[in-house]
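We number each residue from 1, following the sequence as shown. Whatever order the structure lists them in is the order used to number ligands and atoms, beginning at 1.
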Amino acid sequence: MSEDNAFSGIRENIKKIKEVVANAAFYSGRTEDDITIMAVTKTVDADRVNYVLSCGIKLIGENRVQEFIEKRENINLSACDVHLIGHLQTNKVNQIIGKVSMIQSVDSVKIAQEIAAKSLKIGQTTDILMEINIQSEANKFGFLPVSALESAYELAQITGINLCGIMSIPPMNKDEKVNRQNFSNINRLFIDICDKKIDNVSMKILSMGMSGDYRAAILEGANLIRLGSAIFGDRKY
Ligand SMILES: *Cc1c(COP(=O)(O)O)cnc(C)c1O
């Protein structure tokens with residue numbers, strides 16, 4: 001089978017996704033160029049990652065440090081940016097700093113300090129998003145909405161990181177209205193923090209929306225969506 005045949009489903013999926021993105025962007029007063037599509041590549045082998053890059057996707061997201069380190073030498077890194085989107089443990093920070101252009105999953109001040117310290121050691125600053133646990137779920141990582149603004153001020157004071165926005169994974173609901181409300185609440189927090197014009201903070205990225213709910217997320221203001229199964233099909237662990 002030629003590569004194109006083996007992977008043609010992926011190209012079709014991206015085409016359909018782009019139509020939905022363009023439509024949702026239009027209804028939220030923007031264009032498709034305002035929305036960045038990230039391909040979430042956890043469990044996806046390097047060949048398929050490279051194929052997705054050949055289809056015009058320019059950003060990939062990896063959840064696990066170990067998996068990315070093992071795959072990265074086979075990925076066409078000159079064709080994409082890579083963001084870390086999974087929970088980061090303190091003892092893995094050393095391995096990832098300098099290898100991704102952003103860490104979206106910063107879920108505590110403590111991990112932010114660790115990222116900053118390791119970044120400064122290699123003479124760089126690392127772009128981060130603060131992950132928000134929008135419904136304050138007990139089993140989820142992230143800053144709580146009640147203290148998000150205060151946490152943003154704390155993050156702003158740490159040398160070695162740049163706070164660039166918010167990432168969130170709201171619980172998926174079958175009811176479109178509930179999804180929209182969650183995304184709207186995340187957007188409100190994003191705007192609140194923007195409006196404070198905190199020194200050293202430039203709130204540019206609102207990362208929300210996955211395969212099952214990205215249309216709702218865009219309608220509520222997302223400018224970066226993270227898609228795994230919608231692009232690659234169901235994950236095989
Ligand atoms: C896996 C994952 C995604 C993508 O999930 P799909 O439902 O397959 O699109 C997005 N964001 C994060 C943080 C993830 O872990």
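If you check the side chains of Q181 and N185, you find a donor sitting under 3.5 Å from an acceptor.
The two residues N200 and A156 come nearest to each other via the heavy atoms ND2-O, 3.6 Å.
Using a 4.0 Å cut-off between charged nitrogen and carboxylate oxygen, E114 and K110 do not count as a salt-bridge pair.
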For residues 93-104, which side-chain N or O atoms pair as donor and acceptor with protein atoms under 3.5 Å away, sequence neighbours left out?
residue	atom	partner	partner atom	Å
K99	NZ	Q95	O	3.2
S101	OG	V82	O	3.3
Q104	OE1	S207	OG	2.8
Q104	NE2	H83	ND1	3.0

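With sequence neighbours excluded, no residue satisfies salt bridge (charged side-chain N to carboxylate O under 4.0 Å, His left out) with K92. In this view, F141 and H87 satisfy the ring pair (Phe, Tyr, Trp, His ring centres under 6.0 Å) rule, not counting sequence neighbours.
Near ligand 1, residues V40, K42, N63, I85, I169, M210, S211, R226, L227, G228, S229, R235 each place a heavy atom inside the 4.0 Å sphere around the ligand atoms.
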